[in-house]
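Here's the structure, in structure tokens; my notes come after.
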Amino acid sequence: MADTTHVSDVLIIGSGAAGLTAALNLAEHHKVTVLAKGKLNEGSTAWAQGGIAAVLEPGDTFESHIEDTMIAGAGLNNRETVEMVVENAPVAIERLAKLGVPFNTDGNTLHLTREGGHSHRRIVHVDDATGWAVQEALLRAAHAHPNITLVPDQVVIDLATSRHEERYSGAGTVWGVYAYDKEAGHVRLFTARATVLATGGAGRTYLFSTAPRGATGDGIAMAWRAGCRISNMEMMQFHPTCLYNLEVKNFLITEAVRGEGGHLLLPPDAGDEAGYRFMPDVDARAELAPRDIVARAIDHEIKRLGLDYVHLDISHKGPEFVKHHFPTIHARLLDLGIDMTREPIPVVPAQHYTCGGVVVDRHGRTDLPNLYAAGEVTQSGLHGANRLASNSLLECFVFGEAAANHITANWGDFAPPPAIRPWDESRVADSDEEVVIKQNWTEIRRFMWNYVGIVRTTKRLERAAHRIKMLGDEIADYYGHFRVTPDLIELRNLHQAADLIVKSALHRHESRGLHYTLDYPETLDVAVDTVLVP
Ligand code: FAD
Ligand code: SIN
């Protein structure tokens, strides 16, 4: 038994945009501990390219940003949540600038780019590597704050709740987490009066995803196991333009390339149709239609013509323009032998964002006492059936702060944690089946891609459900008998997330936003969230 207990006022799981925003706001009043399962900058935040949406230009309005968000979200959004996030965006940008994020400017004003589904230029950015700059600035501020302790390499296994109290109170309260310390090789208990989940999404449930390796849905899975409702998991966003490359499978080509005039064309393998720009036939907004529409159109062309990819071409804008706007992508592609100033880029859709997640209210409160959540791990009502481009980082800033403010304002209600049982490994042995864990992981990602992708059918979803059930017994057996490892922890969560996605997809008997099924092609008159109750 390991008895290494770490106590703080507030515990935050995740060091991306949501977690660090919450930490910086809380640290003015409380001692905060932030855990990450690897290095502190390994979440999706550091990978964000396009930027952050905010109404900053004369002529643009909050109402327009709200409408664009609701249209992309196919009416499944919660309007009050959308209003809250959109109206707080300019202040969030101002705070980031004060933290030292070097946003691109045009004279005295911020340079704004454009992305799909936005009816105005409203994306603030740092070249084409906005997330990296944001992550650096937030980490710099967190490191400098005396009330914040950052602890990398802690793979949280589960929430510590009333069930783990030495003297069971039965209230379902969350008192912290159990985490596997990768350096020490054993499980530690972290307790706190309040806990904030900011663990990001579940993109790695799919074979092709733009998300980093750690996006295994850990927070969603552990919240579900602890008793939280999970909503809209069928709304998995596929980004239309991920680089097609047999070695590098997850390099995003930002939507801003289309925002700045890039065209989607059929490649030479399309025969007589090669070079044809197909998006204007699909939607009046052409390449700048919302992501679900563009991704489905590309998927359709790839299947119709038996292609491996389509082309994204911005070479007509000239080398100076391309290099100035997309220096990171240009350099990365040159390394791979593609010169985007002179030739088109081969692209395919890939999983990109988890619109569903842990149900939270506008203060970031979950269903469990003392547990909050913010960022991609949540279903806050902002994104509905399809997230509008560059609204995600924004959600992290607004909800990270909202959760922090609510905790601070209600601090008197948070009791100190009682005695919690330490992790017990006395009944388990070391696994000699690491290879099976890896195989299960790959199997899940492959059938999720094939059966639960951009276009679905009930039969394919049922096939996936069957595979999930069979793997579930195997994984529960490992988990019950072997000492936990980071791979086993992630596999258990990946499996749980896949199960929630498939159950949610089977539950929705219509096509809406990102959920498109050939068996129910119509959109029902009334938009209703899918809510799974543990
Ligand atoms: P993340 O930044 O993903 O952080 C998750 C944190 O949780 C990490 O620190 C991780 O270590 C920790 N964690 C997870 N599980 C555990 C565990 N079990 N134990 C301990 N710690 C754990 N959005 C935009 O708005 N604009 C963009 O331009 C944009 N571009 C994108 C480009 C790419 C390639 C990708 C993948 C996403 C992009 N997004 C963009 C989406 C956006 O980046 C993410 O939704 C957002 O950064 C999520 O932030 P987060 O704080 O919720 O989680
Ligand atoms: C991109 O740059 O295309 C990603 C933007 C986003 O995911 O919001």
Side-chain angles (χ1 to χ4, degrees), residues 11-22 34-53 72 113 115-118 123-126 128-132 134-135 138-139 150-159 177-180 182 190 196-204 209-222 237 239-242 250-259 291 326 329 350-355 357 373-378 383 387-397 399-400 486 489-490 492-493:
L11 181 64
I12 297 177
I13 323 302
S15 56
L20 292 181
T21 302
V34 180
L35 307 185
K37 70 172 163 182
K39 293 198 190 112
L40 295 166
N41 61 3
E42 276 181 355
S44 293
T45 297
W47 291 33
Q49 292 185 354
I52 307 161
T113 188
E115 289 179 347
H118 288 277
I123 316 296
V124 192
H125 63 110
V126 182
D128 53 354
T130 309
W132 185 257
V134 166
Q135 181 78 66
L138 290 172
L139 272 176
L150 297 160
V151 196
D153 290 326
Q154 308 297 315
V155 189
V156 172
I157 305 167
D158 262 319
L159 296 165
V177 301
Y178 295 101
Y180 178 82
K182 287 186 184 169
F190 290 81
V196 182
L197 272 180
T199 45
R204 283 296 175 127
S209 169
T210 62
R213 193 194 168 284
T216 47
D218 297 6
I220 295 168
M222 67 183 86
Q237 183 171 78
H239 196 291
T241 58
C242 178
N250 61 354
F251 186 62
L252 179 75
I253 309 296
T254 176
E255 188 143 338
V257 171
R258 280 174 285 130
R291 281 183 190 167
F326 307 108
I329 296 174
Q351 192 288 341
H352 180 63
Y353 185 81
T354 310
C355 292
E376 193 171 340
V377 68
T378 65
H383 307 306
R387 172 175 69 92
L388 182 66
S390 288
N391 264 357
S392 167
L393 287 171
L394 179 58
E395 180 186 42
C396 293
F397 306 128
F399 271 88
I489 296 165
E490 288 189 336
R492 179 172 172 244
N493 292 329

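What you are looking at is a predicted structure, and each value in this text was computed from that prediction instead of being measured. Start at 1 and go down the list; that is how both ligands and their atoms are numbered.
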Below the 3.5 angstrom mark, is there an N/O of [X], backbone or side chain, next to an N/O of ligand 1?
| X | result |
| --- | --- |
| Gln49 | yes |
| Ser392 | yes |
| Ser15 | yes |
| Ala18 | yes |

Counting from 1, what ligand 1 atoms have a heavy atom of Ala198 closer than 4.0 Å?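 This gives 5 (C), 6 (C), 7 (O) as the contact atoms.
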In sequence, state the C-alpha distance, the side-chain angles, and the governing distance for Glu395 and His383, and then conclude on side chain to side chain donor-acceptor pair (under 3.5 Å). CA-CA 9 Å; Glu395 180 186 42; His383 307 306; 2.9 Å; yes
Quick check for you: to the nearest 0.5 Å, what is the distance between His352 atom NE2 and Arg291 atom CZ?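 His352 atom NE2 to Arg291 atom CZ measures 4.5 Å (nearest 0.5 Å).
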Any chance you could measure Asn391, atom CG, to Glu115, atom CD, to the nearest 0.5 Å?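 Interatomic distance, Asn391 CG to Glu115 CD, rounded to 0.5 Å: 9.5 Å.
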Heavy-atom contact under 4.0 Å between Val155 and ligand 1? yes
Ala48, Gly50, Gly203: member with heavy atom nearest to atom 30 (N) of ligand 1: Ala48
Heavy atom to atom 39 (N) of ligand 1, shortest distance: which of His239, Glu376, Arg387 holds it? Arg387
Using 4.0 Å as the upper bound for N to carboxylate O, is an ion pair formed by Glu490 and Lys37? yes
List by chain and number: which residues place a heavy atom under 4.0 Å from ligand 2? Gln49, Gly50, Glu115, His239, Leu252, Thr254, Glu255, Arg291, His352, Arg387, Ala389, Ser390
